[in-house]
Each structure stands twice: as structure tokens, then as C-alpha cells.
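Atoms within each ligand, like the ligands themselves, are counted from 1 in listed order. These numbers were taken from a predicted model, which means no experiment stands behind them.
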Amino acid sequence: MGKFELPKLPYAYDALEPYIDKMTMEIHYTKHHNGYVTNLNNAVAGTSLENKTIEEILKEVSKHPAAVRNNGGGTYNHSLFWTIMKKNGGGKPSGKLGDAINSAFGNFDEFKGKFSNAAATRFGSGWAWLIVQGGKLVITSTPNQDNPLMDVADQKGTPILGLDVWEHAYYLKYQNRRPEYIENWWNVINWDEVASRFSAIK
Ligand code: MN
């Protein structure tokens, strides 16, 4: 057992059906996420990074080997991703988060369109993000397993919502139809969790 642990999946593998299928979920969690955690533990073993949090490591990731960047990002990103989805999710956020989205993007549909576009146009493997940057909401995307906590990111901030657009996240069910996966994903978002992450920053 290494320092970093695979968090328990907060629902069953089939909980997000029909939008995210059971087999994709099981492989994504038990093989991909588990692999990032294992490889991160191997990469930090015997180094000073063993005593740091994942956030501390990502903040200065440019100083570390590529294995730390790739697997540290993969560990953090998937841990966030599982929590911001749930069975019977979707809808729109209300309260302070809903207000902040309306203020930053005009209205929810404008926000949804811009976020979906960031996810659809991320070339190759990567993630789309909603981040808090200096108190403001910003949409961005990153390649590979990078994220906005990293010092190498073009747009830095604290992620409160993220969408995995690696082919491993959707190919079994959607094949090359990434836009269809993105559109369906809005039905499983756990807005209570996103709002909780938002209020923890403000
Ligand atoms: Mn993934």
C-alpha cells in the first residue's frame, strides 16, 4: 500500500446508466484510475514527495518527473470526476453557484454550450474544466492528465467541475461520437457536490 489511495467509488458501476455504461465505468475505475494511483505511488516512493499532499505536488509539478505529472494528474482528476457525478443527477445548479454561473456566462445554457465546446474541441486526450480563478468562474481545458492546479497549466485555478474526454471514458459506448457523450453527461452531474466545492473556495 502506497501513500496515495484509490478512493471508494461513491456508487455502483451501473449507477450512471444509460449515459455512462457499466463496463466503461468498471474499467475506468479499476484499471485506469487504479493504475494512475499505483504508478504515482511508485514514482514518489523514496522521495520527498511522499510527505506532500497531491495539491502540493501538482502546484510545482514542473519540477518533477513526467511520471509524477501524468499519474499525479490522473489520480487527482479521476478522484474529482467520480464525485461530481451521481445517479439521477443533472438539472441546473441553484443558489450561489447558479448565480455565479449566470453572472459569468449570461445563463445556464450559454455556460453549457461553452463548456461542451471546450470538451469537444480539446484535441486528443484531456479534460474540460470549470475553475475558480481569482474569485471568478472560468472554463478551460487541459491536455492529457494535466489540470488547472498545475504550474504548467495555461489557465490556473481550483477545479469544481471536470469532464474526462479521453477515449477510455466513452469509446465502448459512443465510439467516435464524443459530442454525444458530452451531451449525455449533463444528465449525471452532481450539482450539490459542485456547489459544495464552489462554496469551500469562496
Ligand atoms: Mn479517465
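Put simply, the side chain of Tyr13 does not reach to within 4.5 Å of the side chain of Met23, judged on heavy atoms. For the pair Ile131 and Ile160, the minimum side-chain heavy-atom distance is 4.5 Å or more.
Taking backbone and side-chain atoms together, His78 has an N/O/S atom less than 2.8 Å away from the Mn ion (ligand 1).
The closest approach of Asp164 to the Mn ion (ligand 1), by N/O/S atoms, is made by OD2.
Around the Mn ion (ligand 1), the angle linking His168 (NE2) with His28 (NE2) is 100°, rounded to 10 degrees.
The closest side-chain donor-acceptor pair between Ser141 and Trp127, if any, does not fall under 3.5 angstrom. Tyr171 and Asn176 are not linked by any side-chain donor-acceptor pair at a separation below 3.5 angstrom, with hydrogens and angles left out of the test.
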